[in-house]
Structures are given as C-alpha cells and as structure tokens.
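Here's the structure, in structure tokens; my notes come after.
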Amino acid sequence: MSEHVKSFAAVDLGASSGRVMVGRVGPEALELTEAHRFPNRPVRVPEGLRWDILSLYAGVLDGLRAAGQVDSVGIDSWAVDYGLLDADGALLGNPVHYRDARTEGVAEKVWATVPAAELYAATGLQYAPFNTLYQLTAARSTAQLAAAERLLLIPDLLSYWLTGEAGTEITNASTTQLIDPRTRDWSHDLADRLGIDLELFAPLRQPGDPAGLLLPRVLEETGLRGPVPVTTVGSHDTASAVAAVPAAGERFAYICTGTWSLAGLELERPVLTEASRAANFTNELGLDGTVRYLRNIMGLWLLQECVREWGQPDLGELLRAAAEVPALRSVVDAGDAAFLAPGRMPDRITDACRKSGQPVPESRAEITRCILDSLALAHRRAIREAEALADHPVDVVHIVGGGTRNELLCQLTADACGLPVVAGPAEAAALGNVLVQARAHRLVGDRTSMRRLLARTQPLRRYEPRGDAAAWHAAEDRLAAEDRLTRP
C-alpha cells in the first residue's frame with residue numbers, strides 16, 4: 001500500500017445491525033469494504049426494552065480482528081441512549097432502548113418546569129419522547145441513576161471500553177436536549193432547573209480529537225499491533241452521514257435514510273423561532289461548527305416492520321409490485337408517533353387509512369406503496385418547510401444511506417419535491433466516519449475537499465422529477481386537513 005494511503009476502521013452501529021467497515025483513503029482514493037457485520041437485537045426483560053450492549057461490543061472486537069491492521073478507529077451510532085457507570089467504571093445494567101415505554105408522559109412533567117417553547121429556545125431540539133433529557137427525568141428516582149458516577153452515550157461507552165478514556169462527543173451530545181446550539185456547550189441553567197447533574201457527563205470532544213489508544217488487552221484480543229489510536233468522529237451516525245453528502249455548493253437538502261429519514265439542511269447557525277418549534281425541526285450540531293437543521297421522519301422502519309410481520313418476503317419483488325400500484329391512493333403521516341413502537345405495522349397502516357376515510361390498502365404491494373408514497377410526501381413537506389423557516393433555498397436533494405438502494409423511493413422523492421435527487425453513497429455514515437479520521441491524519445482537507453473526493457470516487461445516481469406535481473400538492477393538502485381534524 002502506498003505511503004500516501006492509510007486504512008481506517010469505521011465502527012457504524014445502527015438500530016438493527018452493526019458493522020465494522022475499512023476505509024482506505026489517499027489524495028485521490030476512497031475505498032470502503034465491509035470487514036464484519038453483526039446483528040443488533042434488543043432484548044425485552046421484565047423491566048423493559050434494553051440494548052444488548054455486550055453483544056455489540058463483542059461484534060466490534062470481532063470486526064476489528066477481521067479488519068486487520070489499521071491506522072485509526074472511529075465509532076458512530078444512533079443517538080440519545082446511554083450507559084451508566086459506577087465509581088469503579090463498571091456498567092450499571094444494559095442501556096435502555098429509546099423505544100422503551102418509560103418516557104411516556106414524561107415530557108409534560110418537564111414542561112411544567114420549563115415550558116416547551118422556552119426549552120426549544122434554549123436547545124433548539126425537536127420534541128421526541130425519547131430525548132435523553134426525558135430519559136434522565138424518567139430515571140430520576142431509580143437506584144441505578146443514584147449509583148451512577150458517569151454517563152456515556154453509546155459510542156463514547158464503546159470508546160471507553162476500547163481505550164479506558166472517557167469523553168462526550170459534541171454532535172451526539174447535541175441530541176440530549178442539554179446543549180445550547182449557539183454556544184456549542186452545555187446549557188447549565190436548563191440542567192439546574194431540571195435537576196440534571198451535568199457532572200455525570202465526561203468532557204466534551206470535537207470530531208477529529210484524539211480519544212485514546214487501544215488498550216493492551218484489546219490489542220491482544222483483536223490481534224492488532226499497537227499503538228492504534230481511536231479518533232473522535234461525528235459519533236451521531238447522522239452527523240457522519242451528513243459529512244458524507246457529496247454536495248457542490250450550499251443550496252442542497254439532504255435525506256439520511258434508513259430506519260429513520262432525517263430530512264433537512266446544513267446551516268451555519270440554528271433556527272430557534274417559535275415557528276420552527278411548531279414545525280418540530282431540530283438543530284443538532286454537525287461538523288466544523290455547522291448545524292443539522294432537520295426533521296425526524298419514521299423512515300423505512302415502517303416497511304421494515306411490515307416485511308418482518310410478513311415473514312421476510314423478497315424485497316425486490318415487493319418493490320416491483322408496489323411500483324405497479326396507482327400512486328397516492330392512500331397516505332399516512334410518516335412522522336406520527338403511533339408508528340413508533342414495534343409490532344402490527346401492516347394493521348396500523350391500514351387502520352390509519354380507514355380512520356381518515358381513504359381507500360384501505362389490502363395487498364402487501366398496496367401497503368408498501370402507501371408507505372413509500374407517504375415517506376416521499378414527508379420528505380417533500382420537511383424540505384419545503386425547512387427552506388422557508390431557514391430562508392435557505394434548495395436546488396437539489398441528496399439522499400444518502402440505505403434508502404439509496406430503494407429506487408422507487410428515490411424516484412418518488414424527486415417527484416414529490418419537484419427537484420432532482422442525487423442518490424448515494426449508501427454507506428454514508430461509515431464514509432463520513434472514515435473521512436473525519438483521514439482528515440485528522442492530514443490525508444484530506446476541509447468539508448468541501450471531502451465532498452469533492454466523495455463525488456469523484458463513489459457511485460451516484462440522479463433522478464429527475466416526473467409525473468403530476470398537482471397530485472402531490474393535493475395529497476399534502478389531504479394529510480394537512482386530516483391533521484387539523486385530529487389535533488387536540
């Protein structure tokens with residue numbers, strides 16, 4: 001291997017699987033290969049839904065062993081969840097899953113102390129029932145939290161086990177609803193009012209900061225030769241994915257697709273207006289002082305759950321059949337919290353259509369088409385509202401992540417938005433992870449240089465809008481009318 005090309009291991013953990021990818025980066029090279037993939041199976045125990053964090057850590061070690069010698073390791077995962085450590089640094093139980101029911105009704109208790117509008121003005125974070133702030137409020141009277149001396153978000157917990165050094169990466173910290181996006185620091189006043197001890201958190205780290213060296217026992221278990229540094233990356237997987245959007249210029253929107261769809265803009269400053277709060281947009285922190293201004297949409301979770309209920313039929317055949325179903329017969333609100341929990345997803349989709357007086361999809365193909373039309377419509381609504389709220393016009397939509405492999409969803413999103421869609425890369429989170437490591441090792445330059453390298457080296461596909469724009473407008477009006485009828 002050329003001395004100008006280095007290898008980086010990207011540990012990328014999603015809600016249903018984890019993987020260790022190896023990126024090889026040079027001035028004109030960016031290659032990504034999968035070293036190891038492993039399942040992420042949450043476990044329901046008597047006290048609730050928990051992540052099997054020990055299995056995930058074992059998967060990381062197996063992946064590093066399969067990766068072979070690398071110049072650095074970086075870790076990203078989903079947001080908001082955490083592990084608690086005691087005074088000896090030992091984990092106090094498996095981390096609670098964000099889909100656990102413990103936060104039901106907790107937001108209202110928080111708002112009684114800090115009203116929702118004031119909370120948004122301080123943190124810029126959308127309302128989601130599983131935000132870390134609400135999880136900590138729900139845990140306030142537990143013996144586990146009382147015994148905790150340290151709180152580590154999931155990527156930081158794994159990094160701590162690999163290196164023995166604790167830190168809190170800033171892009172993921174911004175999802176806790178305890179960070180002020182203007183100062184990019186903790187909101188101490190807010191935490192004090194809500195009785196949250198910020199001393200539980202380790203010091204903040206920035207993407208690119210060193211996070212320690214692999215411990216001798218980790219080197220022995222993985223077969224790697226030390227020293228091997230761990231580099232802080234955008235440890236919220238969406239932050240890494242947005243870093244890997246191959247955009248030219250600033251007039252772009254992105255949709256990070258997978259279990260969730262995260263649709264929005266990359267901005268230089270947060271949007272903290274009341275209108276932004278009412279539209280439920282979030283201001284999460286990104287690379288190099290940027291803000292990820294976006295809306296969470298339920299995403300391909302809807303289809304994943306249906307496919308699971310149906311016994312894992314062939315997805316390609318299902319999508320081909322869905323493409324033949326007439327468009328926009330029925331749509332649902334893809335951001336509705338009614339779809340958050342697992343189980344009975346096909347029934348919940350059909351029930352929502354029946355209650356709204358729309359034709360009820362009956363076949364698997366019809367339900368699939370309803371889901372994809374609904375996701376495309378949600379993408380359209382999010383992007384158009386973000387443009388208006390941030391006063392930031394958009395010329396192109398970039399879709400990255402697993403949804404880039406769903407050609408029907410990509411085309412429907414172009415149709416719905418009335419804008420060209422550039423799809424790719426599929427492995428955006430892992431590529432963003434790798435590129436931040438490579439930049440820390442001085443192999444690539446600024447975000448613009450990173451994106452140019454991505455555009456030169458990664459397969460991308462362009463979708464032009466087609467079809468009847470008026471039909472999408474009518475579907476949007478139909479959904480908005482239903483929302484007005486059901487809103488309390």
Carefully, step by step, assess Leu318 and Arg364 under the rule side chain to side chain contact (heavy atoms under 4.5 Å, CB included). CA-CA 7 Å; Leu318 190 61; Arg364 292 178 178 181; 3.8 Å; yes
Counterpart residues, salt bridge (Lys or Arg N to Asp or Glu O under 4.0 Å), relative to Arg380 (two or more places apart): Glu476
Answer yes or no: does atom CZ of Arg41 have more than 12 heavy-atom neighbours from other residues, nucleotides or ligands under 6.0 Å? no
Checking side chain to side chain contact (heavy atoms under 4.5 Å, CB included) for the pair Glu284/Val291: CA distance, chi angles, key distance, verdict? CA-CA 6 Å; Glu284 297 169 1; Val291 171; over 6 Å; no
Shortest non-hydrogen contact between Ser174 and Leu125, atoms and distance: O-CD1, 3.3 Å
What's the verdict on side chain to side chain donor-acceptor pair (under 3.5 Å) for Arg65 and His36, showing C-alpha distance, side-chain angles and the deciding distance? CA-CA 9 Å; Arg65 186 182 308 111; His36 180 56; over 6 Å; no
Which donor-acceptor pairs under 3.5 Å do the side chains of residues 141-159 make with protein atoms, sequence neighbours left out?
| unit_1 | atom_1 | unit_2 | atom_2 | d |
| --- | --- | --- | --- | --- |
| Thr142 | OG1 | Ala139 | O | 2.7 |
| Thr142 | OG1 | Leu145 | N | 3.3 |
| Gln144 | NE2 | Leu92 | O | 2.4 |
| Arg150 | NH1 | Glu199 | O | 3.2 |
| Arg150 | NH1 | Leu200 | O | 3.1 |
| Arg150 | NH1 | Phe201 | O | 3.0 |
| Asp156 | OD2 | Glu169 | N | 3.3 |

If only side-chain N and O atoms count, and only distance matters, is there a donor-acceptor pair under 3.5 Å linking Tyr293 with Ser276? yes
List the atom pairs, with distances to 0.1 Å, where a side-chain N or O of residues 45-53 and a protein N or O form a donor-acceptor pair under 3.5 Å, not counting sequence neighbours.
| unit_1 | atom_1 | unit_2 | atom_2 | d |
| --- | --- | --- | --- | --- |
| Arg50 | NH2 | Glu47 | O | 3.4 |
| Trp51 | NE1 | Asp81 | OD2 | 2.7 |
| Asp52 | OD1 | Ser55 | N | 3.3 |

Mind jotting down which residue pairs meet the ring-ring contact (aromatic ring centres under 6.0 Å, His included) criterion with at least one end in residues 153-182? Sequence neighbours excluded, please. Tyr57-Trp161
Quick one about Thr176 and Tyr82 (side-chain donor to acceptor, distance below 3.5 Å, no hydrogens or angles considered), yes or no? no
Residues two or more places apart in sequence or in another chain: which of them pass salt bridge (Lys or Arg N to Asp or Glu O under 4.0 Å) with Arg182? Asp180
Quick one: salt bridge (Lys or Arg N to Asp or Glu O under 4.0 Å) pairs with a partner in residues 118-136, sequence neighbours left out? Glu118-Arg193
Those residues that, when tested against Glu385, pass salt bridge (Lys or Arg N to Asp or Glu O under 4.0 Å) (two or more places apart): Arg295
Can you name the residues that form a side chain to side chain donor-acceptor pair (under 3.5 Å) with Glu366, not counting sequence neighbours? none
Name all residues meeting the side chain to side chain donor-acceptor pair (under 3.5 Å) criterion together with Thr163; count only those two or more places apart in sequence or in a different chain, and write none if there are none. none
Tell me which pairs pass salt bridge (Lys or Arg N to Asp or Glu O under 4.0 Å) where either residue lies in residues 259-274, with sequence neighbours left out. Glu266-Arg447, Glu266-Arg451, Glu274-Arg277
Which residues pass the salt bridge (Lys or Arg N to Asp or Glu O under 4.0 Å) test with Arg184, sequence neighbours left out? none
In terms of side-chain heavy atoms, does Gln437 have a donor or acceptor partner in Asn433 at a distance below 3.5 Å? yes
Between Pro210 and Thr231, is any pair of side-chain heavy atoms under 4.5 Å apart? no
Would you please indicate if the ring centroids of Trp111 and Tyr127 are separated by under 6.0 Å? yes
Which pairs with one or both residues in residues 335-385 pass ring-ring contact (aromatic ring centres under 6.0 Å, His included), sequence neighbours excluded? none
